[in-house]
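A short write-up of the structure that comes next.
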Amino acid sequence: MTSTREGRVTGPAGSGGTGRAGPPRPSAPERAELAGELLDGLTDAVLTTDGSGLVVLVNAAAVRLLPDLVPGTDLVTCAVPELATAAATGAAGFEAEHRCRRLRGVRRALAGGQSVWYVRDVTDEHAHTEALLAERRCTAFLADAGRRLGLALHRDQARRAAATLPVPYLADLALVVHLPAVPTERPHWIRHTEHQPAPVVGEADWTLTAAVPGLDEALDGEAGAPRPWSTTADELDPIVPAGFDPDATLLVSPMPGAGRTAGALVLLRHARRGGFDPRDVDLAREFAARAGAALTMAELYDEQAHLARVLQHSLLPPELPRIAGLDIAGGYRAAGDTLRIGGDFYDVLPADGGALFALGDVCGKGVGAAVLTGRVRQSLQTLRLVEQRPLELLRLLDRALLDMPDAARRSQFTTLLLGTLRREPDGGLRIQVAGGGHPAPLVVDGDGTVRPVRVGGMPVGALPNARFTAADLRLAPDAVLLAHTDGVTDARGGPHGSEMFGERRLHQALSSGAGLPPAALVDRVLRLLDEWCGGQRHDDVAMLAVAARGVG
């Protein structure tokens, strides 16, 4: 090294220097001051420790965030226990709650056993994360609750779901009080707690419901704020178990329905959970609203199911009467619905010297077709008292249907077979049958021959001045007459699921079943149809088979 006259230090040639004197190196105090200025510019609190763990340097953020940790403080015994533990064990970081703030720190090792700690105030970040997680939990709870409430089709299922879903996420006890449809009846309740195997149900007296603070108001549709649970009266057992935490918090929410309050949701939280915060209250209100909607829909479903059962009972094909000398059997399948009501029908009514039979197919499906089916059957019940000749009876029925006042019915009609059965002395049957646009009945002879009885005609109740035709035949003692609706031949299935059963397969099924009594023959065709359809939806199916008694 050489020096110039100006006293500046230069480096040797080839050292990469410029040959001119550089700036003077700062002294140790100057370097410490410069480092402090740099540290003060950081937003994180920074603590530097020497090899023995004593604080030697803090920046301005550390002074504000950790005022207890001044230079000379031993971190192992400092006022932040989590930091002290990390310093003692050599851990790379820590998290702590200090002076109502949440802190997160990491350590970086320096030369000579020194360390630097970077400590950040993550209170707001943590609160934001917790709020986001809480919102996700709320969304997941409501999604699951909505799905399970949506699956509750019956009133009892909906009440059970409304009582069990809030526990334990929303409360330690949930009580659903359901208002009766008839005001004179007592309200029903269902209660669930985390420690009981199944919900408890019962009926409440109006005086007991008044004992639960805020319940009367909620049943009137008013939402109240959370309040202390101070009622410990034994008369509330078993609505609320006796001895339930007297320091619990109560929240009562109305369960709105369609035009009225369906009930109320009562939630109780133990004191250790800290009550209901505003987010909990909003979530409870939202859940109660969804539960009320589900309960209302379940009640509507129950009412419709009850009406459908009544309608089903009145419209299902009747149990056929036993008539001397006649063997009669019927078969029925509704159009792929569980209510088993539709537009196909058959009926057999006793008549002088024999019986009157009817088999028809009303245009349409479901309840609307079933209503017209009921009208046709009721009209036949009445008209047969004044006329039993099939062709004349069919004309009277056509006029009666056209004269009905409701215009909506005029878009519907029915195809129909009407016939009379009379036993002959030689054991055969004399059959007169009139047709109103219906598929021809089939005669199955004892030798397996299948032949149609052509009757034709126009649909009944469709057009004024409709024309109908009739046929007269004799059925041998070993033969069977089978009448059917077009749901039999139009049924789709088979290997590809779209091929119609058709008349050829029906004739083959009847031919191979020649000699069977009517009931066995009908069962055979229905079984083949079920196999053909393979569980697919199909049209209504009705069949009626008649023979002289003793066949087979």
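Every heavy atom of this structure was used, including side-chain atoms; hydrogens, water molecules and symmetry mates were not.
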Measuring from [X]:[atom1] to [Y]:[atom2], what's the distance to the nearest 0.5 Å?
X: D144; Y: T139; atom1: CG; atom2: OG1; value: 12.5 Å
X: L170; Y: L283; atom1: CG; atom2: CG; value: 4.5 Å
X: D245; Y: H270; atom1: CG; atom2: NE2; value: 6.0 Å
X: R227; Y: L250; atom1: CZ; atom2: CG; value: 6.5 Å
X: L268; Y: F276; atom1: CG; atom2: CZ; value: 7.0 Å
X: M255; Y: L219; atom1: CE; atom2: CG; value: 10.5 Å

Discussion item. As a test of understanding, state which of D540, D344, D361 forms a side-chain hydrogen bond (donor to acceptor under 3.5 Å, both in side chains) with T485.
Written reply: D344
Worksheet item: Do we see a donor-acceptor contact under 3.5 Å between the side chains of E82 and T85?
Response: no
Practice prompt. Ignoring hydrogens and angles, state whether a donor on the side chain of H126 or E97 is under 3.5 Å from an acceptor on the partner side chain.
Written response: no
Minimal non-hydrogen separation, [X] against [Y], with atom names:
X: A289; Y: P256; answer: CA-CD, 3.8 Å
X: I190; Y: R160; answer: CD1-CA, 3.6 Å
X: L65; Y: H98; answer: O-CD2, 4.3 Å
X: L103; Y: D121; answer: CD2-CA, 4.2 Å
X: D74; Y: G53; answer: OD1-O, 3.7 Å
X: L149; Y: A158; answer: CD2-O, 4.3 Å

Fill in: Full working for side-chain contact (heavy atoms from CB on, under 4.5 Å) between V116 and V46
CA-CA 7 Å; V116 58; V46 181; 3.4 Å; yes
Worksheet entry | Chi angles and distances behind the side-chain contact (heavy atoms from CB on, under 4.5 Å) call for V252, L265 | CA-CA 6 Å; V252 184; L265 175 67; over 6 Å; no
So [Y] and [X], do their side chains get closer than 4.5 Å, heavy atoms only?
X: D490; Y: F501; answer: no
X: R492; Y: E499; answer: no
X: Q157; Y: R148; answer: no
X: S115; Y: T48; answer: no
X: R99; Y: P67; answer: yes
X: F244; Y: L173; answer: yes
X: L69; Y: V63; answer: no
X: W189; Y: V200; answer: yes

Practice prompt. Mark yes or no: R107 above the aromatic ring of Y118, with NZ or CZ under 6.0 Å from the six-membered ring centre and no more than 45 degrees from the axis.
Written response: no
Worksheet item: Hey, mind stepping through R102 and E125 against side-chain contact (heavy atoms from CB on, under 4.5 Å) and telling me if it holds?
Response: CA-CA 9 Å; R102 190 173 187 87; E125 177 184 337; over 6 Å; no
Discussion item. Test side chain to side chain donor-acceptor pair (under 3.5 Å) on R285 and S253; report intermediate values, then the result.
Written reply: CA-CA 6 Å; R285 300 278 190 251; S253 299; 2.5 Å; yes
Worksheet item: For L215 and V177, what are the C-alpha separation, side-chain angles and deciding distance, and is it a side-chain contact (heavy atoms from CB on, under 4.5 Å)?
Response: CA-CA 9 Å; L215 183 54; V177 180; 4.1 Å; yes
Practice prompt. Taking Q196 for its side chain and T193 for its backbone only, find out whether a donor-acceptor pair lies under 3.5 Å.
Written response: yes
Practice prompt. Report yes or no: does R290 contribute a side-chain atom to a donor-acceptor pair with the main-chain N or O of L142 at less than 3.5 Å?
Written response: yes
Discussion item. Does the plane of the ring in Y169 sit parallel, tilted or perpendicular to the ring in F141? Use 30° and 60° as the thresholds.
Written reply: parallel
Worksheet item: Going through the distances and angles, do H178 and E299 end up as a side chain to side chain donor-acceptor pair (under 3.5 Å)?
Response: CA-CA 11 Å; H178 175 224; E299 288 177 337; 2.4 Å; yes
